[in-house]
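All values reported here derive from a predicted model rather than from experimental measurement.
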Amino acid sequence: MEYMEALAARRSHYALNKDIPCTEDTLRRLIEETAALTPDAFNMRSARLAVALGEKQDALWDAVYDAFGGKVAREKIDGFRAACGTVLYFIDTAVVAAMQEKFPRYMENFPLWANHANAMLQFNLWTTLRAAGIGANIQHYNPVIDEPVKRLFGLPSEWQLIAQMPFGGIAAPAAEKEGETITRRVRFFD
């Protein structure tokens, strides 16, 4: 799939299952390569990924449900749980702090740049997965789930959870995308 085709095909797929059209080894390679190829200001490399598969995938979404004390719809959580896996996106705040210390002139910018890099990684991986025939969506249950997630995976306290991306086989097509007048957002000046 060409990049623009993959970009157009990338959508929020909510009806996911555990059957993906590639091997787990291929999936792991795609995730690792995408993380390696995504740029980061000053080559900071502040983004961190934790990928839940198998039993950890189910345990993750059970922990999310429990963290909310039943105040989220079980059906919605079970929809994410039904996916093959979930990519958890983090920023390593220790890396950001080290860059702030090393380059004090840019101190205020490093947290923002870390967020930019994380956003690029999320989008790059979402598009990469879609090009491989895998559907995904982005969720933001943090900060409510931060501590249960860190306990479940044994993650460092310096990792700040940014987003969760359930992914899997596409069980139903995504909703149609609304059209827009793009000139409201994009302007050219000669």
Side-chain angles (χ1 to χ4, degrees), residues 1 5-32 34-35 38 47-91 115 118-157 159-180:
M1 188 180 288
E5 292 171 328
L7 193 57
R10 191 242 23 101
R11 304 293 304 288
S12 292
H13 287 91
Y14 295 103
L16 300 170
N17 60 44
K18 298 194 184 302
D19 300 318
I20 58 172
C22 64
T23 66
E24 189 175 309
D25 285 343
T26 298
L27 173 70
R28 288 172 186 258
R29 182 183 53 78
L30 288 172
I31 292 170
E32 288 173 346
T34 302
T38 298
R48 301 289 182 264
L49 301 177
V51 183
L53 298 167
E55 291 178 12
K56 285 292 189 185
Q57 162 68 1
D58 296 343
L60 167 65
W61 289 103
D62 288 342
V64 170
Y65 183 78
D66 293 344
F68 281 90
K71 294 180 181 161
V72 293
R74 184 75 222 192
E75 298 78 23
K76 186 172 187 175
I77 297 300
D78 284 347
F80 303 136
R81 189 180 191 269
C84 175
T86 299
V87 178
L88 299 159
Y89 293 90
F90 297 86
I91 291 174
N115 273 296
N118 204 283
M120 286 189 286
L121 178 55
Q122 291 173 38
F123 192 76
N124 284 346
L125 186 51
W126 198 349
T127 304
T128 297
L129 291 174
R130 184 62 192 101
I134 299 168
N137 61 77
I138 292 280
Q139 298 302 311
H140 299 93
Y141 285 98
N142 47 296
V144 176
I145 66 169
D146 289 6
E147 290 312 310
V149 165
K150 287 179 184 176
R151 276 193 308 272
L152 179 64
F153 296 101
L155 300 174
S157 61
W159 287 23
Q160 176 188 7
L161 183 59
I162 302 299
Q164 308 84 54
M165 181 187 284
F167 65 87
I170 300 170
E176 286 297 316
K177 195 177 226 177
E178 282 186 39
E180 70 171 306

State whether the number of non-hydrogen atoms from other residues, nucleotides or ligands found under 6.0 Å of Glu55 atom CD is greater than 12. no
pair Leu88-Phe153: side-chain heavy atoms closer than 4.5 Å: yes
Check ring-ring contact (aromatic ring centres under 6.0 Å, His included) between Phe167 and all other residues, then give those that pass, not counting sequence neighbours. none
Restricting to non-hydrogen atoms, name the atom on Thr38 and the atom on Thr34 that form the minimum distance, rounded to 0.1 Å. OG1-O, 2.8 Å
Indicate yes or no: at least one non-hydrogen side-chain atom of Phe90 is less than 4.5 angstrom from one of Asp146. no
Of all heavy-atom pairs between Ala83 and Gln57, which one has the smallest distance, and what is that distance? O-NE2, 3.4 Å
Audit row: Trp126, Val87, side chain to side chain contact (heavy atoms under 4.5 Å, CB included) steps and yes/no: CA-CA 10 Å; Trp126 198 349; Val87 178; over 6 Å; no
Neighbour count >12 (heavy atoms, 6.0 Å) for atom CZ, Arg29: yes
Value rounded to 0.5 Å, distance of CD in Glu147 from CG in Leu152: 12.5 Å
Do you know which two heavy atoms are closest between Pro21 and Ala132, and how far apart they sit? CG-O, 3.3 Å
N/O donor-acceptor pairs under 3.5 Å from side chains in residues 134-142, not counting sequence neighbours:
residue: Asn137; atom: OD1; partner: Gln139; partner atom: NE2; Å: 2.8
residue: Asn137; atom: ND2; partner: His13; partner atom: O; Å: 2.8
residue: Asn142; atom: OD1; partner: Gln164; partner atom: NE2; Å: 2.8
residue: Asn142; atom: ND2; partner: Leu161; partner atom: O; Å: 3.2
residue: Asn142; atom: ND2; partner: Ile162; partner atom: O; Å: 3.3

Exercise: identify the closest heavy-atom pair between Thr86 and Pro166: OG1-CA, 3.7 Å
So CG of Leu49 and CD of Glu32: to nearest 0.5 Å the spacing works out to 9.5 Å
Please report the interatomic distance CG(Asp66) to CG(Asp62), rounded to the nearest 0.5 Å. 6.5 Å
Taking atom OH of Tyr89 and atom CE of Met165, what is their separation to the nearest 0.5 Å? 3.0 Å
For a quick test of reading the model, state the closest non-hydrogen atom pair linking Gly168 to Leu16 and the distance between them. O-CD2, 3.8 Å
To check you understand the geometry: which heavy-atom pair defines the closest contact between Cys84 and Ile20, and what is its length? CB-CG2, 3.8 Å
What distance separates Ile170 CD1 from Arg11 CZ, expressed to the nearest 0.5 Å? 10.5 Å
Find the distance between CD (Glu5) and CZ (Arg130) and round it off to the nearest 0.5 Å. 11.5 Å
Knowing that exactly one of Arg81, Arg74, Lys76 qualifies, which makes a side-chain hydrogen bond (donor to acceptor under 3.5 Å, both in side chains) with Asp78? Arg74
Check the pair Leu27 / Leu53 against side chain to side chain contact (heavy atoms under 4.5 Å, CB included), numbers first and verdict last. CA-CA 11 Å; Leu27 173 70; Leu53 298 167; 4.1 Å; yes
